[in-house]
Amino acid sequence: MKKRGFEVITSYLDKSIVMPARKTAFSAGYDLAAAEDTVLTARQVTIVPTGLKVYMPPDEYLGIHIRSGMSIKNAISLINGQGIIDADYYNNQDNEGHIMIAFYNYSDRDFSVKQGDRIAQGIFYKYLTADGDDEQDKTERTGGFGSTKGF
């Protein structure tokens, strides 16, 4: 039985998606690559598709972190600091759980990302919940960015 890992989403099966990999024996993060050429426009937020979805146990999430070289050398960051992919995002009805990464380009220059460029790292984390009635909305997740409503 599968425990945690990555899969290509249906609409990208024929697009030569680079599967995430750890580059060294002690790397915490799985490098995530761009699924298509994208321009990170200067002083704008741009969302870059990965063509991937992720599955994991219900008490884990995948943290998305920008690669430090990309960030430092090009004045680019994740718009939300760290992305969080919850376990119930997998195969949601809106977008099949497609991992898309939102970048902000602080520079005055556009930055080109090519298909297959490593753009972020995904790290699996366990999390804890509070004692007592951990009341959560029983609504099923329907999609991505902001899909659980509340803001």
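Of all heavy-atom pairs spanning K3 and P57, the tightest one is O-CD, 3.3 Å. The heavy-atom pair separating N74 from G69 by the smallest distance is ND2-O, 4.1 Å. Closest approach of D110 and A42 over heavy atoms only: OD1-N, 2.8 Å. Between G51 and I17 the shortest heavy-atom distance is CA-CD1, 4.3 Å. Among all heavy-atom pairs drawn from H98 and Y12, the shortest one is CE1-CE1, 3.6 Å. When all heavy atoms of A120 and I64 are compared, the closest pair comes out as CB-CG2, 4.1 Å.
Side-chain contact between L32 and Q121 is absent, with no heavy atoms from C-beta onward closer than 4.5 Å. At a threshold of 4.5 Å between non-hydrogen side-chain atoms, the residues F6 and M19 count as touching. Residues R67 and D31 are in side-chain contact: their nearest non-hydrogen atoms beyond the backbone lie under 4.5 Å apart. Between M70 and R118, the closest side-chain pair of non-hydrogen atoms is not below 4.5 Å. Looking at S107 and I76, their side chains never come closer than 4.5 Å, going by heavy atoms from C-beta outward.
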task = Could you give me the CA-CA distance, side-chain angles and deciding distance for T46 and N105, then say whether side-chain contact (heavy atoms from CB on, under 4.5 Å) is met?
result = CA-CA 8 Å; T46 306; N105 181 351; over 6 Å; no

message = Run E7 and Y90 through side chain to side chain donor-acceptor pair (under 3.5 Å) and show every step you take.
response = CA-CA 10 Å; E7 298 172 348; Y90 178 75; 2.8 Å; yes

query = What's the verdict on side-chain contact (heavy atoms from CB on, under 4.5 Å) for V48 and L40, showing C-alpha distance, side-chain angles and the deciding distance?
reply = CA-CA 9 Å; V48 180; L40 306 184; 3.7 Å; yes

task = Decide yes or no on side-chain contact (heavy atoms from CB on, under 4.5 Å) for M100 and N95, but give the supporting numbers first.
result = CA-CA 10 Å; M100 295 178 277; N95 69 3; 3.5 Å; yes

message = Test side-chain contact (heavy atoms from CB on, under 4.5 Å) on D37 and V113; report intermediate values, then the result.
response = CA-CA 6 Å; D37 294 352; V113 173; over 6 Å; no

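Separating the CG atom in D88 from the CE atom in M56 is a distance of 9.0 Å, to the nearest 0.5 Å. Here D59 contributes atom CG and K126 contributes atom NZ; the two are 3.5 Å apart, rounded to the nearest 0.5 Å.
Here I79 sits in one hydrophobic cluster together with V45, Y104, Y106; the rule is ILVMFWY side chains under 4.5 Å apart, joined directly or through other members.
With hydrogens and angles disregarded, a donor-acceptor distance shorter than 3.5 Å links the side chain of T38 to the backbone of E36. A donor-acceptor pair under 3.5 Å is absent between the side-chain atoms of T41 and the main chain of Q44, judged by distance alone. Between the side chain of T50 and the backbone N or O of I99, at least one donor-acceptor pair lies under 3.5 Å. Listed for the D117 side chain is no donor-acceptor partner under 3.5 Å among the backbone atoms of I119.
Each of F103 and I123 belongs to its own hydrophobic cluster when Ile, Leu, Val, Met, Phe, Trp and Tyr are linked at side-chain heavy-atom distances under 4.5 angstrom. Both I66 and I101 are members of a single hydrophobic cluster when ILVMFWY side chains are connected at heavy-atom separations under 4.5 Å. There is a path of hydrophobic side-chain contacts, each under 4.5 Å, that joins Y125 to I84.
Inspection of the S68 and S71 side chains reveals no N or O donor paired with an N or O acceptor under 3.5 Å.
Heavy-atom neighbours of R109 CZ from other residues, nucleotides or ligands within 6.0 Å: at or below the threshold of 12. When the shell of 6.0 Å around NZ of K73 is examined, it contains 12 or fewer heavy atoms from other residues, nucleotides or ligands.
When ring centroids are compared, F124 and Y55 stay outside the 6.0 Å threshold.
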